[in-house]
> 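One structure, as structure tokens, below. Some questions next.
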Amino acid sequence: MARGAAKCLFFLYSSKNRNFFTVRNLFSGCLLHFSHPSKSSPCNFPEIPTQLQLPPLHFTTFRKFGIFAEFHRHWFCSLAENDKPVLDSTESVQNEDECNKFDEEERISKPETEILGPEEERLNFAQTANRDPVEIYKELKDTPKGEKQSRSDWDTLTEILRCFSKSGWASNQALAVYIGASFFPTAAHKFGKFFLKKCNTDLVKYLVSLGPGDGADKFLFPIFVEYCMEEFPDEIKRFRKMVESADMTKPHTWFPFARVMKRKIVYHCGPTNSGKTYNALQRFMEAKKGVYCSPLRLLAMEVFDKVNALGVYCSLLTGQEKKDFPFSNHVACTVEMVSTDELYDVAVIDEIQMMADPGRGYAWTRALLGLKADEIHLCGDPSVLNLVRQICADTGDELEELHYERFKPLVVEAKTLLGDLKNVRSGDCIVAFSRREIFEVKLAIEKYTKHRCCVIYGALPPETRRHQASLFNNQDNEFDVLVASDAVGMGLNLNIRRIVFYNLSKYNGDKMVPVPASQVKQIAGRAGRRGSRYPDGLTTTLHLEDLDYLIECLKKPFDDVKKVGLFPFFEQVELFAGQLPDMKFSKLLEKFGENCRLDGIYFLCQHLHIRKIANMLEKVQGLSLEDRFNFCFAPVNIRDPKAMYHLLRFASSYAQELPVNIAMGMPKCAARNDSELLDLETRHQVLSMYLWLSNHFEEERFPFVKKAETMATDIAQLLGESLVKACWKPESRNAGKSKPQEKEDGYQRPMSIIKLREKKRQENSQNAQQLEKAPA
Ligand SMILES: Nc1ncnc2c1ncn2[C@@H]1O[C@H](COP(=O)(O)OP(=O)(O)OP(=O)(O)O)[C@@H](O)[C@H]1O
Ligand SMILES: [Mg+2]
């Protein structure tokens, strides 16, 4: 039935000789399901309902739905062949029967009590309710002046029209006729004025009987559509073009070459430390030509080293570095850098669940949809398995699923560290979620115990992180404890015996929030890696009150992700920009986000970071749209004014066609305090940004690449030396923040931030003591 109706709508739109009245008899009152013909996924234009009850049909409604059908032509086009109507006569007869039955039921089930009043009035109301909105609109238009109304009716009518102009439902429906959300209030306001000026008593009485709200909105809407079609044809045309140019539906069709290939997708699905990456890499190394896509530079480097050490020549490609190994047919790269032009025998996409990452997800989606490889190995937890199945059905790729179990269960230590860092032991990794806390912990451990700490956190260059990791992994030195942020969480293999969560909440850029369960699992999964010194993994928390949350996270099944990320290519943004020629780039991106169309399993990745850079670069004259787009992806910490300043400087030189220089000195020695350490981190980030830009723009415009590489290596070295010596308090970036609680023995006792579970903890603390083991 729904299919028949959809075909019929398509027929309506595509047929030159539209026979509205025949169709009207067919589908009056039908329930239309707007869904992909081969899937149950709902159509996904924001807030457009996935099913619509077709009101008693008339010309306008069909015109509206005709446009709607075209608006969603991707949902329907597979029903039509070469844009020709596909409604066949048998089907129409079938549908006619069904519809007549439906009509009959509708008529019987309609509550008569809706309309109250004397018999005559009721009849009048019924007549008005059933009138063709086209006629009503014509009548209103041709009326020089409306009839006089009573004060109370007039007030109610004004309120009805006010409600209509604020109606979310009407605003959403209006999208289908290309009246944009931002234009709807103006259009509705003008329509209100028009209606008040022209309306007659029958109409007013009927609307008053409905009162402000749904019923009145639904009655007014088709009249409003007629009004808009006549009054605002230019606005409608403009919005329609804009919407069409922001079409991000059917992303698998963006990669026609990958689509003609018969690809085999192998999903290595399982929890952490179960051998997923290991097995995928076996296939990668066996292949004649292979690519490994990593979520992190550090992991790409690890694979690059490992594979070369095993005698398979492999190159390295990240945003910042290109290491071409002579005669190599293999490459380890970061996922953003993978080529969708090259042909490969085997590709590995690691941590595939990152497709759902709000900011970077698009890179994984692009790799999965676009890689030209005979065999693609996906490694990840089960959270995106269902979506991968769906994507493979769309792309026509064969999917094989391999399920894994952890080599050994992860054991939760119920005792915790009892809030005291003196209880750390060799092989522990203390995980904290801010740089300040990491240094607090390091300071406390080194002051009050015999242990020495290595640190790993996001702002450190990968080289320094690697250096710290190898210091920790290596037994021939005194560094036996690791203090790390969540940067340690993905795919890395370290000699960790126990993961200790310093706390389980982190700042999300706005407020403190509990760390998501999936991330807790990932991080805890770093303990007890197969082949490491500690094959039996343990995990616990510093404070007893955080233990329940840890156990809860580890026990929680993997989410079933519903959407994965997408981001437009430059060409798509360019096409969209063509509709809004004088708009600033950051505004353009915002508009794109508001107007783009996506299928049900995709979301548009967050682009706040990109827009912030775009905003800053707005004052730089002479950059092309493409340059702006590319500059916006440069790896920069938007909260670091120094780094932002350098990016602005790089862009300005580039725009003026001057050679882009580094213009930054080299510190002489390792950091002696935290502000010097922060300065080293920033300098390294600026150099890293320079190298990234040199790889993404014409290289000759960045003539100091060699110098930048040398400086970056030297600074990474200085950072390493600084961290070995670091014994200072971290800089407080937030002077107003409450101080950690002072302990009697002198050291700053770190405070747990999760207090939400305080009450529950008291109830459960006795039970927790009994808990020995919990599977991850
Ligand atoms: N069959 C094997 N033989 C020898 N070592 C193995 C084997 N399988 C896995 N390993 C080792 O076990 C460790 C964990 O494996 P791997 O990195 O593949 O796990 P994973 O499932 O990808 O974990 P994560 O989800 O954390 O990325 C690695 O050090 C890997 O080298
Ligand atoms: Mg892995």
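Both counts, for ligands and for their atoms, begin at 1 and track the order of listing. Quick caveat, the model's predicted, so the values are computed rather than measured. Side chains included, hydrogens not; waters and symmetry mates left out as well; all remaining heavy atoms used.
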> Which option out of G270, G275, G380 puts a heavy atom nearest to atom 15 (O) of ligand 1?
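It is G275 whose heavy atom sits nearest to atom 15 (O) of ligand 1.
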> For ligand 1, which atoms have a heavy atom of S274 less than 4.0 angstrom away?
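This gives 19 (O), 20 (P), 21 (O) as the contact atoms.
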> Can you tell which part of R529 has a heavy atom less than 4.0 Å from ligand 1: side chain, backbone, both or neither?
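The side chain, only.
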> Is it true that atom NZ of K323 has more than 12 heavy atoms of other residues, nucleotides or ligands lying nearer than 6.0 Å?
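Atom NZ in K323 is not packed in, count stays at 12 or less.
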> For F569, does the CZ atom have more than 12 heavy-atom neighbours from other residues, nucleotides or ligands under 6.0 Å away?
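It does: F569 CZ has more than 12 such atoms within range.
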> Answer yes or no: does atom CD of Q717 have more than 12 heavy-atom neighbours from other residues, nucleotides or ligands under 6.0 Å?
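It does not: Q717 CD has 12 such atoms or fewer within range.
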> Give yes if a backbone or side-chain nitrogen or oxygen of N279 is under 3.5 Å from a nitrogen or oxygen of ligand 1, and no if not.
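N/O-N/O distance under 3.5 Å: no.
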> Taking the six-membered ring of Y267, is the NZ or CZ of K276 close enough (under 6.0 Å from the centre) and on axis enough (within 45°)?
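Here K276 fails the 6.0 Å and 45° test against Y267.
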> Does T272 put an N, O or S atom under 2.8 Å from the Mg ion (ligand 2)?
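It does not: T272 brings no N, O or S atom closer than 2.8 Å to the Mg ion (ligand 2).
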> Please confirm whether H268 comes under 4.0 Å of ligand 1, counting heavy atoms of the residue only.
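Outside the 4.0 Å threshold, so no.
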> Does the pair K372/E342 count as a salt bridge with the N-to-O cut at 4.0 Å?
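The answer is no: the pair does not qualify as a salt bridge.
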> Q522: heavy atom below 4.0 Å from ligand 1, yes or no?
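The answer is no: ligand 1 sits nowhere under 4.0 Å from a heavy atom of Q522.
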> Where on F407 is there a heavy atom closer than 4.0 Å to ligand 1, on the side chain, on the backbone, on both, or on neither?
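Near ligand 1, F407 shows its side chain, while the N, CA, C and O stay back.
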> For residues 497-507, which residue pairs qualify under salt bridge (Lys or Arg N to Asp or Glu O under 4.0 Å), counting only residues two or more places apart or in two chains?
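Listed once each, the pairs are E413-R498, D428-R497, D428-R498, D486-K506.
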> Just to verify, what does N279 make a side chain to side chain contact (heavy atoms under 4.5 Å, CB included) with, not counting sequence neighbours?
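N279 satisfies side chain to side chain contact (heavy atoms under 4.5 Å, CB included) with H268, Y404 once adjacent residues are dropped.
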> With a cut-off of 4.0 Å, which atoms of ligand 1 are near a heavy atom of E351?
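Listed by number with element, the hits are 27 (O).
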> In terms of atom number and element, which parts of ligand 1 are under 4.0 angstrom from non-hydrogen atoms of T277?
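Once the distances to T277 are compared, the set is 18 (O), 22 (O), 27 (O).
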